[in-house]
Amino acid sequence: MANDIAGDGAVIGKPVDRVDGPLKVTGRATYAYEHVPDEAPAYGVILGAAIARGWIVAIDTAEAERAAGVLHVMTHRNAPPQAAFGPPVTPTPPEVFTRPRPMLADDQVRFHDEPVALVVAESFEAARAAAGLIRVRYEEEPGAFDLAGRLAEAYAPQRANAGLQTDSAVGDFDGAFAAAPVKVEALYRTPYEHHNPMEPHATLAEWSGDAVTIRTGAQTLANFRAGIANTLAIPADNVRIVSPFTGGGFGSKLTVHADTVLAALAARVLRRPVKIALTRQQMFGNAGHRAEMMHLVRLGADRDGRLTALGHDACSATSRVEEFCEQTAVVTRSLYAAPNRLTRHRLVPVDLRRGEWMRSPGEAPGLMAFECGMDELAEKLGLDPIELRIRNEPAEDPERNVPFASRNLVGCLREGARRFGWDRRSVEPGQFREGRTLIGMGVAAAIRPNYLGAATARVAIDARARVTVQLDMTDIGTGTYTILAQIAAERLGVPLSAVTVELGDSRFPRTAGSGGSWGAASSGSAVHQACLALRVKIAEAAEEGDGMPSADLLARIAPDGLEAEGASTPMTANPDYKAYSQHSHGAQFAEVAVDIDTGEVRLRRMLAVIDAGRLLNAKTARSQVIGGMTWGLGAALMEETHLDPRHGRFVNRDLAEYHVPVHADVPELEVVFLEQVDERANPLGAKGIGELGVCGAGAAVANAVHNATGVRVRDFPITLDKLLPGLPLADV
């Protein structure tokens with residue numbers, strides 16, 4: 001579709017091609033490590049610890065320092081002073097993102113591959129070679145890495161991620177569950193997983209006097225700015241973050257990591273630009289992960305399938321150095337009606353780096369377990385899984401006791417069933433075959449909170465009616481440049497080609513960045529408000545009309561142009577977020593084929609029906625959902641980081657052994673939107689989509705595998721070794 005759409009009031013929602021697409025496909029979109037500074041940069045390579053817990057007894061850098069091209073070797077002995085890291089739990093949730101994160105600050109080793117030295121040289125190759133010459137002697141201490149065997153050590157954290165309540169209880173869960181005539185009690189495991197964005201974590205740091213410019217792949221520039229300022233103990237005004245393009249983040253680029261801090265330190269020491277990129281292997285130890293979790297799902301129902309007791313306990317591993325409690329059980333609090341409810345989060349300390357936010361934190365692993373539990377309950381009841389979900393549709397939020405701002409989960413389930421041919425599903429598992437292949441279908445519900453962050457935007461228009469939009473929002477591959485251009489074009493009545501969007505510079509107005517699926521609604525609402533304010537200025541200058549600009553009008557009334565700012569109202573200050581339960585919803589459907597001889601699982605088709613408010617761009621929205629569905633497929637069938645329980649080291653630390661879906665694994669994925677403008681969500685009526693596509697997708701695949709084989713695997717991912725022992729004997 002052509003992007004030069006006239007200002008006819010019909011730009012928002014159209015499937016417009018990405019305005020930054022030509023830059024990306026021609027290689028002209030400059031990412032952090034590709035930027036060429038005015039002065040030739042030096043290159044840094046990090047050396048990581050060979051143990052998971054202990055102390056550095058001795059470190060010999062002499063040979064590395066003598067190596068050709070080496071400019072500097074930094075260790076804990078000569079690293080510049082930095083602010084202290086602090087306790088494992090910050091006083092408030094926002095401080096998690098902005099706290100000091102010192103590097104090479106002492107001789108302690110807290111996790112495997114923690115940086116113990118940095119080599120800076122004239123070339124990357126020279127730095128890498130010299131890093132291999134450093135000799136480190138450790139005093140190793142025993143580490144704790146096991147989760148399943150140490151559940152007795154679990155403790156209740158002060159809060160779950162984002163300040164959410166650790167536990168919730170309504171009614172008498174224990175009594176209702178004990179009395180329920182039909183019940184399910186199942187323990188599920190979801191493994192360690194890693195983000196693996198296409199662009200590795202990389203930074204170019206450059207000082208000018210007392211001020212530093214950081215070019216890096218970031219999701220939230222304000223967090224990076226504060227994190228660097230707090231770590232280096234310098235004013236935030238002396239830190240500039242530049243990130244016009246970010247090659248994926250999925251939660252791993254919400255805070256500063258080793259590359260950013262060490263690049264800033266080394267550049268300050270050498271007084272020249274320094275580039276550092278984490279290797280793919282280093283990212284597994286230094287850029288966060290989703291923690292291993294155990295999920296106890298307990299469901300009690302009457303014989304008609306109405307839930308009388310609903311329980312979800314989530315126990316996950318957490319770093320003993322910095323606590324992270326993924327809000328895994330929160331997902332069940334607003335999903336189904338049940339008078340007696342219990343959700344709890346518990347943590348077991350391990351000697352690893354901190355777990356972090358990973359795409360759809362909480363909902364992705366939580367729904368993987370809980371929606372499989374619902375499937376198990378449906379089977380016990382002899383009830384269709386879709387009908388079970390519909391019978392437990394709540395009239396209002398079952399724990400907050402407030403109405404939903406909008407909710408069409410039942411519509412998603414019914415429309416999906418019609419489109420997917422659900423009536424052809426075999427009710428009895430393991431009964432439908434095509435030759436030596438077992439065929440099955442599965443379904444799962446999707447739900448995710450709809451968040452809204454604080455954001456400000458600046459919109460300017462010149463005498464030729466050309467529009468420039470500025471905000472520090474990031475585009476992490478989701479299409480932000482495009483949707484903001486669409487909003488400005490429609491609100492100002494100009495062609496899309498007349499709009500230029502400038503993002504990713506901390507000198508621009510501040511936003512909440514990209515994360516939590518709040519980016520589009522938050523930054524889009526700010527652009528919307530700025531455009532309305534600009535229209536008022538135009539109308540006032542013209543003393544006529546409604547503020548819709550034209551070149552003739554602007555040349556006459558504002559030869560130097562006009563500009564205005566606008567801001568979104570964050571959910572903390574929005575009364576509709578207190579009076580209503582705000583969520584996006586959907587239904588996921590999957591059909592799989594399982595080889596009866598080998599246990600190999602192949603996805604045959606998949607459908608997502610999505611209720612996420614107004615669409616800002618039909619094409620980029622679909623792309624977000626099919627990306628999420630692919631993530632769900634990976635979580636169900638292949639994604640798992642294996643931890644060596646002896647040494648605390650992730651052993652499959654590359655994309656050869658950490659398996660993610662590739663093109664051959666993914667058939668045609670269908671996405672259907674049940675568009676419904678949610679006026680209580682934000683001025684645009686849009687809701688978050690980016691992470692909703694993951695929600696429930698893995699459970700739909702897992703439930704399809706069970707329907708195909710009759711084998712219920714509760715230890716994810718579902719690999720053939722877990723299926724084979726339970727498969728029916730094949731006919732010879």
Side-chain angles (χ1 to χ4, degrees), residues 170-190 294-314 328-329 331-344 363 365-394 398-399 409-410 412-414 416-417 422 425-430 440-447 587-590 636 695-696 698-716 718:
V170 177
D172 176 13
F173 171 81
D174 290 335
F177 183 72
V182 183
K183 65 185 72 174
V184 163
E185 182 171 359
L187 185 65
Y188 299 87
R189 172 191 170 268
T190 53
M294 308 295 293
H295 311 251
L296 178 62
V297 176
R298 292 178 290 173
L299 301 169
D302 63 25
R303 299 197 183 278
D304 291 330
R306 288 178 173 80
L307 290 169
T308 58
L310 178 156
H312 187 175
D313 290 273
T328 309
V331 70
T332 63
R333 294 177 185 172
S334 302
L335 188 50
Y336 300 117
N340 303 286
R341 316 170 66 86
L342 180 66
T343 68
R344 296 183 293 199
E363 294 84 24
L367 284 170
M368 178 76 84
F370 193 82
E371 282 296 284
C372 286
M374 286 291 286
D375 204 63
E376 294 200 43
L377 179 62
E379 186 177 17
K380 275 199 171 186
L381 288 162
L383 190 64
D384 182 272
I386 293 178
E387 180 59 28
L388 173 64
R389 289 166 171 83
I390 292 175
R391 289 187 186 183
N392 290 284
E393 171 70 6
E399 298 204 10
L409 176 56
V410 170
C412 292
L413 288 164
R414 286 178 169 156
W422 186 255
R425 170 183 176 269
S426 173
V427 175
E428 184 73 19
M441 295 186 194
V443 67
I447 183 173
Q588 300 274 5
F589 294 81
C695 296
V701 174
N703 290 336
V705 170
H706 172 71
N707 182 248
T709 64
V711 180
R712 177 67 68 180
V713 177
R714 301 188 181 97
D715 182 1
F716 295 105
I718 303 172

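Side-chain atoms are counted along with the backbone in the values below, which use heavy atoms only and exclude waters and symmetry mates. On a predicted model such as this, the values are computed, not experimentally measured, just so you know. We're numbering straight along the sequence, starting at 1.
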For residues [X] and [Y], report the shortest heavy-atom separation together with the two atoms involved.
X: T328; Y: V331; value: O-CG1, 3.3 Å
X: A176; Y: N340; value: CB-ND2, 3.2 Å
X: T190; Y: P365; value: OG1-CB, 3.9 Å
X: A301; Y: T308; value: N-OG1, 3.8 Å
X: A445; Y: L409; value: CB-CD1, 4.0 Å
X: G698; Y: A636; value: O-CB, 3.5 Å

Exercise. Backbone N or O of F716 within a donor-acceptor pair of the R189 side chain at under 3.5 Å?
Worked result: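 The answer is yes, because a donor-acceptor pair under 3.5 Å joins these two groups.
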
Problem set entry | Whether K380 side chain and V182 backbone form a donor-acceptor pair below 3.5 Å | no

Do [X] and [Y] make a side-chain contact, defined as non-hydrogen atoms from C-beta onward lying under 4.5 Å apart?
X: W422; Y: D384; answer: yes
X: F370; Y: L310; answer: yes
X: T709; Y: P429; answer: no
X: Y336; Y: R389; answer: yes
X: V297; Y: V184; answer: no
X: R425; Y: V443; answer: no

Problem set entry | Summary of salt bridge (Lys or Arg N to Asp or Glu O under 4.0 Å) pairs that have at least one residue in residues 701-714, sequence neighbours excluded |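 Matches after skipping sequence neighbours: D375-R712, E376-R712, E376-R714.
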
Exercise. Any salt bridge (Lys or Arg N to Asp or Glu O under 4.0 Å) pairs touching residues 297-308, not counting sequence neighbours?
Worked result: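 Found R298-D313.
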
What is the distance from atom [atom1] of [X] to atom [atom2] of [Y], rounded to the nearest 0.5 Å?
X: E371; Y: N703; atom1: CD; atom2: CG; result: 7.5 Å
X: M374; Y: I386; atom1: CE; atom2: CD1; result: 12.0 Å
X: M368; Y: Y188; atom1: CE; atom2: OH; result: 11.5 Å
X: L377; Y: L299; atom1: CG; atom2: CG; result: 5.5 Å
X: R414; Y: I390; atom1: CZ; atom2: CD1; result: 4.0 Å
X: M441; Y: N707; atom1: CE; atom2: CG; result: 8.0 Å

For this session: Kindly indicate, with the supporting measurements, whether the criterion side-chain contact (heavy atoms from CB on, under 4.5 Å) is fulfilled by E363 and I447.
Result: CA-CA 8 Å; E363 294 84 24; I447 183 173; 5.7 Å; no

Exercise. Going by the angle between their ring planes, with limits at 30° and 60°, are H295 and H312 parallel, tilted or perpendicular?
Worked result: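 Tilted, since the angle between the ring planes falls between 30° and 60°.
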
Exercise. Do you know which of V711, V713, I718 makes side-chain contact (heavy atoms from CB on, under 4.5 Å) with V705?
Worked result: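 Checked V711, V713, I718 against V705; only one passes side-chain contact (heavy atoms from CB on, under 4.5 Å): I718.
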
